[in-house]
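In the text below, chain A, chain B and the rest are named by the order of the sequence lines, each starting its count at 1.
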2 protein chains.
Amino acid sequence: MTRSYEQTCRIARALDVLGERWTLLIVRELALGPRRYGDLLADLPGMGTSLLAARLRHLERYDVVRRTVLPGPGRAAGYELGDRGTALTPLLASLVEWGGGLAPPPPGSFDRAAWTMLAMRLTAPGEAVDFDTVTEIAVDGETLWLQGDGERVRLETGPAPVKPGLRLTSGRATFQALATGRTTVDDAMASGELAVQGDADRARLFFDLFSLTNPSPTHGR
Amino acid sequence: MTRSYEQTCRIARALDVLGERWTLLIVRELALGPRRYGDLLADLPGMGTSLLAARLRHLERYDVVRRTVLPGPGRAAGYELGDRGTALTPLLASLVEWGGGLAPPPPGSFDRAAWTMLAMRLTAPGEAVDFDTVTEIAVDGETLWLQGDGERVRLETGPAPVKPGLRLTSGRATFQALATGRTTVDDAMASGELAVQGDADRARLFFDLFSLTNPSPTHGR
DNA sequence: CCGGATCCGTAACGATACTG
DNA sequence: CAGTATCGTTACGGATCCGG
């Protein structure tokens, strides 16, 4: 089917499944919640449609990805992570940590707040699971939400399914600065670049918990 | 040079550097100690020589890989991991963990004890760094050695540079069974499939510490 | 002989058009 | 909207060739 390294090594076999172009970015997208085929295509600029279809079929075989019926009216078909897909969380976290050490991206790159927020979630300390305020984030028109439930932090694209207890609105540059700790909630509020609806203390706690401290909190050996 | 996703996302940027075919397997090989160009080529069956040269040059740019002079007589040129390469240890560990959940490899795959031992080292618990006995392992003619120094576990291919305190000799199948805990040192010794030179208690401790317990000791979130 | 560079056939990818 | 079909382009794999 797909080209294999034909090695017994676990690393090589993992890469047999995950190592081809776009594969882990599909997993990244679905780590942000279930999506429709067309949404995936739109969020992976440059990827051809036939390739996306082939990758999804491939990943289904390993239960990395699973077909599902999306919630809400319309019973639309979509894709979500399977059990072997959610098991990729530590791998995605390693990639985020390592990628954080690279030079800053060239201007003109595609950017989405959801990617930054996913990186924040993946590298957040364990206490972040107790952040139980439903928080909606709107960055430059893009909206997403998250909530900790004591077990893990749910993070999905789109508007919050219930009325959020905290709502943060900003532009991309400000959000990036907040994410990396280059600015603070107070400064961003004072300059009008960040709007906070809800408790300002909660907003401060939010960025304290999820901030992409770079260099990273070395995990592993 | 190489094709990029052109996304600001840290995952995508990490994959811009690491995501192409063979790249992480080169890192895996160099995680087993410095090597010469020809050795890398021999240990990566199927890889073309021009591609290896291109990958090495690419990885040098990011200090994942570095040119070096090999120890020993001859002052031969070789390659070793750079700082950004050794920083890939947690990523390799994640791949090992995830790959361990896949179906067993098809027969006829390439196999080396060094790959299994690297997987054991990457997923071993922290106490393994205190395993300070120089241990040489010979599996089916292939030899490698390792030693903990209290900080980390050094693991390299080839014979031990000093007289080992423990020496284990077996065939591939037996070593695999010992690595995955499907057999014990005592059983393998009793059946003559494993020869232990040195303290048998140390040999037992060795496999206790490094055994690829599958399912894994969940690390990360 | 080792460390590559060159060349060329094949397989993978990317863009667009097309179909149920 | 969710894919399949087609086709030009790029990347890879294998063999051969070259300089120290």
Residue pairs fulfilling ring-ring contact (aromatic ring centres under 6.0 Å, His included) with at least one residue in residues 62-96 of chain B, sequence neighbours excluded = B/His58-B/Tyr62
note = Here the residues of residues 11-23 of chain A within 4.0 Å heavy-atom distance, strictly under, of DNA chain D are none
key: Residues that B/Phe207 engages under ring-ring contact (aromatic ring centres under 6.0 Å, His included), provided they are two or more places apart   = none
message = Using OP1 and OP2 only, check whether a side-chain N or O of A/Arg55 sits under 4.0 Å from C/dC13.
response = yes
Identify the pairs formed between an N or O of the protein and an N or O of nucleotides 17-20 of chain C at a distance under 3.5 Å, and give each distance.
none

Pairing residues for A/Asp140 by the side chain to side chain contact (heavy atoms under 4.5 Å, CB included) criterion, not counting sequence neighbours = A/Arg172
ask   = Any salt bridge between A/Arg112 and A/Glu29, counting N to O under 4.0 Å?
value = yes
request  = Quick one: label B/Ala76 by what it contacts on the DNA or RNA (base, sugar-phosphate, nothing), any heavy atom closer than 4.0 Å.
outcome  = nothing
inquiry  = Output the rounded distance in Å from CG (A/Leu25) to P (C/dC13).
reply    = 13 Å
remark   = From CG of A/Asp43 across to P of D/dA2 the rounded distance in Å is 13 Å
message = Under 4.0 Å from OP1 or OP2 of D/dC1: is there any side-chain N or O of A/Arg35 that close?
response = no
remark   = Here the ring-ring contact (aromatic ring centres under 6.0 Å, His included) pairs for residues 140-178 of chain A, sequence neighbours left out, are none
N/O (side chain, A/Arg67) to phosphate O (OP1/OP2, D/dG3) under 4.0 Å = yes
query = Is the shortest distance from a Lys or Arg side-chain nitrogen in A/Asp16 or A/Arg3 to a carboxylate oxygen in the other one below 4.0 Å?
reply = no
task = Would you mind reading off the distance between B/Leu52 atom CG and C/dG3 atom P, rounded to a whole angstrom?
result = 10 Å
request  = Give a yes/no answer on whether the side chain of B/Arg3 brings an N or O atom under 4.0 Å of OP1 or OP2 in C/dG14.
outcome  = yes
inquiry  = Rounding to an integer number of Å, can you tell me how far B/Leu56 CG sits from C/dG3 C1'?
reply    = 11 Å
ask   = Roughly, in whole Å, what's the span from OH in B/Tyr5 to C1' in C/dG14?
value = 13 Å
inquiry  = Which is more 5' along DNA chain C, the nucleotide nearest B/Arg36 or the one nearest B/Ala54? Just name the residue.
reply    = B/Arg36
Dot-bracket line, read 5' to 3' along DNA chain C, where crossing pairs take [ ] and | marks a partner on another strand, Watson-Crick or G-U under 3.5 Å = |||||||||||||||||||.
ask   = For B/Pro71, which residues count as a side chain to side chain contact (heavy atoms under 4.5 Å, CB included) partner, sequence neighbours excluded?
value = none
request  = Nearest whole angstrom, please: distance from the C1' of C/dC13 to the NE2 of A/His58.
outcome  = 15 Å
ask   = Who are the side chain to side chain contact (heavy atoms under 4.5 Å, CB included) partners of B/Thr8, not counting sequence neighbours?
value = A/Pro105, A/Ser109, A/Asp111, A/Trp115
query = side chain to side chain contact (heavy atoms under 4.5 Å, CB included) with A/Ala53: which residues, sequence neighbours excluded?
reply = A/Tyr37, A/Arg57
request  = Ignoring backbone atoms, establish whether B/Tyr79 has a side-chain N or O less than 4.0 Å from OP1 or OP2 of C/dC2.
outcome  = no
remark   = Here the salt bridge (Lys or Arg N to Asp or Glu O under 4.0 Å) pairs for residues 143-155 of chain A, sequence neighbours left out, are A/Arg154-A/Glu156
inquiry  = Nearest to the B/Leu51 side chain among D/dA5, D/dC12, C/dC7, which nucleotide is it?
reply    = D/dC12
task = Calculate the interatomic distance between B/Tyr37 atom OH and C/dG4 atom C1'; express it in whole Å.
result = 5 Å
key: Length of the line joining B/Leu41:CG and C/dC1:P, which is rounded to integer Å   = 16 Å
key: Partners meeting salt bridge (charged side-chain N to carboxylate O under 4.0 Å, His left out) with A/Asp63 (sequence neighbours left out)   = A/Arg66
remark   = Only residue of A/Ile26, A/Leu51, A/Thr23 satisfying side-chain contact (heavy atoms from CB on, under 4.5 Å) with A/Leu56 is A/Ile26
